[in-house]
Every structure is written in structure tokens, then in C-alpha cells.
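On a predicted model such as this, the values are computed, not experimentally measured, just so you know.
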Amino acid sequence: MASVNATLKHLTRHAAGLVRLMLLTGCRPGEACSIRRSEIDTGGKVWLYRPSVHKNSWRGKSREIAIGPKAQELLKQFFTSSMGDYLFSPERVRLEAGGSKRSKRKAKPRYDRTTYTRCIARACEKLHPLPAAFAPKKGEEHKAWWGRLTAGEKATVQAWREAHRWAPNQLRHSHAT
């Protein structure tokens, strides 16, 4: 848990919000990434998030995720005027940072599990950089860096990453315990 908390400062406001939501509710990464205000019943003391698409929706099963007071306060920070907006959005991250909607590279309207996991991996790398002997040289492309490493160095890099990274599903599992 200390590693997760330390990583938060290296994430954008939206990615950190995803992490906090998962810690508070135990929802799955895909459910957290696709949350919209229109799918949250805010009528009671405990809100209920009913994702339209989830792991078992193809089986005709419904899913309800309880959102308590701490998670409610968190989510309110991401509400927009549109009920259909995704609460956590790379597109809004760019706009909040002063970027424009007319960028060369279009940001997605929401995180998906891959981009969310990649954000966490990058934040973990900022928190725990590779030892200089194995790190890419300044300006070196990833493919060139990985290509110059020996098999033993690649194994060392992989072991370093496994020891210093965490993944979104671990949040769900730690919530369950």
C-alpha cells in the first residue's frame, strides 16, 4: 500500500482518481475506467454504480458497486455538466493542462485498462527508476535501448520491474482482503 500511495504523486489527477476509486470500492479496472455519472444512482446515502458493461454482462447478470461517502466526495471532483461524460478522461487531462482539442495526437475520451495500466507503470518507473547501468540513454528510443541489452540485462530489467511495479488488479484484490 505504501508503494501505491507513493506512486499517486506521479499520476495525473484523473489516473490518481481511478486508483483512489478502486481502493475505496474494490471495482474492477474496466469498471472504474468506464464510469459515467449517468450510471450512478445518487438517490441514497450510499450511491450505487451500475455499469452497463462489465465482466459478466454477456451472461445477463447485473452488477452494483456501492459508493460510500469517501468515494462520493472523490467522484464529485470529476463530475461535469454532461451526465454522459466519462469521469476519468485523458482528453480532459490534456485540456486541464492547457492543451487544445486540436492536438496532432487525439486523446481518448476515457481510459481503458491498457492506458490505465501504462500510466501506473510509468509512474512506478518515475518513483523507482532503473539503475543507470540498465536505463535507456538520454534521447534513446525504446526499441534501440531494448535491442542493445543482453539477455542477462533484459532479465535484470524484468526482475527490477516486477519488484517495483504494481498493477490495477492488485488494488481490487487488496480491497477484498
Would you kindly confirm whether [X] and [Y] end up in one hydrophobic cluster when ILVMFWY residues are joined by side chain heavy atoms under 4.5 Å apart?
{"X": "Trp160", "Y": "Leu127", "answer": "no"}
{"X": "Phe134", "Y": "Trp146", "answer": "yes"}
{"X": "Leu74", "Y": "Tyr86", "answer": "no"}

Please determine, by modelled atom types, if Thr42 and Tyr49 share a side-chain donor-acceptor pair under 3.5 angstrom. no
Evaluate the side-chain proximity of [Y] to [X]: yes if any heavy-atom separation is below 4.5 Å, no if none is.
{"X": "Thr115", "Y": "Lys108", "value": "yes"}
{"X": "Asp85", "Y": "Phe79", "value": "no"}
{"X": "Leu75", "Y": "Gln72", "value": "no"}
{"X": "Pro168", "Y": "Thr117", "value": "yes"}
{"X": "Pro51", "Y": "Ile35", "value": "no"}
{"X": "Leu87", "Y": "Ile40", "value": "yes"}
{"X": "Tyr111", "Y": "Ser89", "value": "no"}
{"X": "Arg172", "Y": "Cys27", "value": "no"}

Not counting sequence neighbours, which residues clear ring pair (Phe, Tyr, Trp, His ring centres under 6.0 Å) with [X]? List them please.
{"X": "Trp166", "answer": "none"}
{"X": "His128", "answer": "His164"}
{"X": "Phe78", "answer": "His14, Phe88"}

Checking side chain to side chain contact (heavy atoms under 4.5 Å, CB included) for the pair Val157/Leu149: CA distance, chi angles, key distance, verdict? CA-CA 9 Å; Val157 168; Leu149 295 178; 4.1 Å; yes
Working for salt bridge (charged side-chain N to carboxylate O under 4.0 Å, His left out), residues Glu91 and Arg110: CA-CA 7 Å; Glu91 186 175 63; Arg110 74 173 184 95; over 6 Å; no
Can a salt bridge be assigned to the pair Glu31 and Arg63 using a cut-off of 4.0 Å between side-chain N and carboxylate O? yes
To the nearest 0.5 Å, what is the distance between [atom1] ([X]) and [atom2] ([Y])?
{"X": "Ile120", "Y": "Thr7", "atom1": "CD1", "atom2": "OG1", "answer": "8.0 Å"}
{"X": "Ile65", "Y": "Leu21", "atom1": "CD1", "atom2": "CG", "answer": "8.0 Å"}
{"X": "Trp145", "Y": "Glu153", "atom1": "CH2", "atom2": "CD", "answer": "10.0 Å"}
{"X": "Leu8", "Y": "Ser3", "atom1": "CG", "atom2": "OG", "answer": "9.5 Å"}
{"X": "Gln170", "Y": "His173", "atom1": "CD", "atom2": "NE2", "answer": "8.5 Å"}
{"X": "Glu96", "Y": "Arg94", "atom1": "CD", "atom2": "CZ", "answer": "12.5 Å"}

Please list all pairs passing the side-chain hydrogen bond (donor to acceptor under 3.5 Å, both in side chains) test where one or both residues lie in residues 132-144, with sequence neighbours left out. Glu140-Arg148
Shortest non-hydrogen contact between [X] and [Y], atoms and distance:
{"X": "Met83", "Y": "Arg37", "value": "SD-NE, 3.3 Å"}
{"X": "Ala16", "Y": "Leu11", "value": "N-CB, 3.9 Å"}
{"X": "Ala71", "Y": "Thr25", "value": "CB-CG2, 4.1 Å"}
{"X": "Pro129", "Y": "Lys126", "value": "CD-O, 3.7 Å"}

Identify, with sequence neighbours excluded, every residue that meets side chain to side chain contact (heavy atoms under 4.5 Å, CB included) alongside Glu73. Lys76
Please step through side chain to side chain contact (heavy atoms under 4.5 Å, CB included) for the pair Leu18 and Cys33, ending with a clear verdict. CA-CA 7 Å; Leu18 280 167; Cys33 289; 4.2 Å; yes
Could you tell me whether a side-chain N or O of Arg165 sits under 3.5 Å from a main-chain N or O of Cys124, the two making a donor and an acceptor? no
Would you find more than 12 non-hydrogen atoms of other residues, nucleotides or ligands less than 6.0 Å from Lys70 atom NZ? no
Got a sec, which pairs hit salt bridge (Lys or Arg N to Asp or Glu O under 4.0 Å) with one end in residues 41-54, sequence neighbours left out? Asp41-Arg50, Arg50-Glu64
